[in-house]
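A short write-up of the structure that comes next.
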Amino acid sequence: MPPDAPQPDRPAPGPDAPPAPAPVAPGPTAVAPRAHGIEVSGLRRAFGTVKALDGADLVARAGAVTALVGPNGSGKTTLLLVLAGLLVPDSGQVRVAGHDPVTENSAARARTGWMPDAFGTWDSLTAREVLTTFADAYRVPRGTAAARVDELLATVHLSEYADQPAAVLSRGQKQRLGLARALVHDPQVLLLDEPASGLDPRSRVDLRILLRRLADEGRTVLVSSHVLSELDEMADDAVFLSRGRTVAGMTDADAATARRTWHVRALSLPALTAWLDSTGTAYRPDGATRLVDTAAGTAPSGGVLVDVEGEAGAAALLRDAVAAGVPVVSSAPAAGALEQAYLALEEERR
Ligand SMILES: Nc1ncnc2c1ncn2[C@@H]1O[C@H](COP(=O)(O)OP(=O)(O)OP(=O)(O)O)[C@@H](O)[C@H]1O
């Protein structure tokens, strides 16, 4: 859903719009404990007959990056809009940084940074003016706002565009400005909808490092994306949505113990497959096996896919193969843990 689509039963403030009434950025005495993350239970929100959220549950810990994963139309944006205090749910419990975004909207929004999947901005304002306007709206004290804005422009590598009108920014640069605006009031909770879309590879790496740092500082970071390999690298936990419901959750520990497919390559494919056969280990072709120098009598090198139980299973497989004299070249997960879990869930739900 376009994040700025009007909501049927609520005047749309527009997720990019400064909040009205402007919430007060929590001052040093008002900071809620960092331990508060996000807690959602039984959340429902329908648009006419479409049940965008149909009893969703979610916990996102403070100090962790949580991935929000699900197919198109599964309710991710709707959930993020509710958490951001921009959409009123039909029913269910929601706490963001210890506050209910419906009944304590200002308190929740003062502690929440929201980055929509496309950051619509005012084209005639400069990048610095855009951030200063949001800092004002969040009542960041004037004395500190200018330094904060400069610091954020540097963080997202837009200092050289600080005094350029936002109209000249590319899509990826606008995304980075959107990230800076989400951080302008030093929020405890960050909600990011497809933050990497439009970013070049360097900016994606920067984003990953920044989100890690923000989580390590004790913030709660909830990020939705379809690029699972990217989420895999940055997320500690994952929540899977399907048709408006939470269908699974996954922590780093789950990922380490889950059954996964590994790609094992050896200098001699016959030696590898003969050993797998002798141990009764099931395997299948990797689809990329390459023959080398058969004329010279060298055995074909190549790899196979093997399903193993967690990282411990992968380590045992590698250890035993090497001990048996198989010339193993590499052994690595065939795909990220999130991607494999996602595909397995999709398969189950077909
Ligand atoms: N304002 C709206 N009016 C009507 N239907 C809506 C509205 N917003 C969302 N929906 C519907 O609710 C469902 C969930 O949409 P949502 O945008 O939350 O999914 P999503 O998981 O973010 O999808 P995507 O991955 O494609 O961004 C979809 O069927 C969508 O068509």
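Just so it is clear, the values below take in all heavy atoms, side chains as well, and ignore hydrogens, waters and symmetry mates. It should be emphasised that the depicted structure is a prediction, and the values quoted were computed from it without experimental measurement. We count residues from 1, following the sequence as given. Remember, it's 1-based here, ligands and their atoms both numbered in the order they're listed.
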> Just by modelled atom types, is the T78 backbone N or O under 3.5 Å from a matching donor or acceptor in the R45 side chain?
Replying inline: no

> Is the ring centre of W114 less than 6.0 Å from the ring centre of F134?
Replying inline: no

>> Yes or no: does E194 have any heavy atom under 4.0 Å from an atom of ligand 1?
In response: no

>> With respect to G75, determine whether any N or O atom, backbone or side chain, lies less than 3.5 Å from an N or O atom of ligand 1.
In response: yes

> Between V50 and ligand 1, which part of the residue brings a heavy atom under 4.0 Å of the ligand: side chain, backbone, both or neither?
Replying inline: side chain

>> To the closest 0.5 Å, what do you measure between OG (S74) and CG (L79)?
In response: 9.5 Å

> Without hydrogens or angle criteria, can the side chains of S41 and D57 be said to hold a donor-acceptor pair below 3.5 Å?
Replying inline: no

> In terms of atom number and element, which parts of ligand 1 are under 4.0 angstrom from non-hydrogen atoms of H226?
Replying inline: 25 (O)

> Taking atom 21 (O) of ligand 1 as the point of reference, which of K51, R45, K76 owns the nearest heavy atom?
Replying inline: K76

>> Evaluate A52 for polar contact with ligand 1, using N/O atom pairs at a separation under 3.5 Å.
In response: no

> Applying a strict 4.0 Å limit to heavy atoms, is P71 in contact with ligand 1?
Replying inline: yes

> Partners of E129 by salt bridge (Lys or Arg N to Asp or Glu O under 4.0 Å), sequence neighbours excluded?
Replying inline: none

>> Within the structure, is a non-hydrogen atom of S74 found at a distance of less than 4.0 Å from ligand 1?
In response: yes

>> Taking side-chain hydrogen bond (donor to acceptor under 3.5 Å, both in side chains) as the definition, give me every residue that meets it alongside R208, ordered by chain and number, with sequence neighbours left out.
In response: E233

>> Just to be sure I'm reading this right: ignoring hydrogens, which of S224, G73, S225 gets closest to atom 28 (C) of ligand 1? Compare them by their nearest heavy atoms.
In response: G73

>> Would you say R171 and S197 are linked by a side-chain donor-acceptor pair, where the criterion is simply a distance under 3.5 Å?
In response: yes

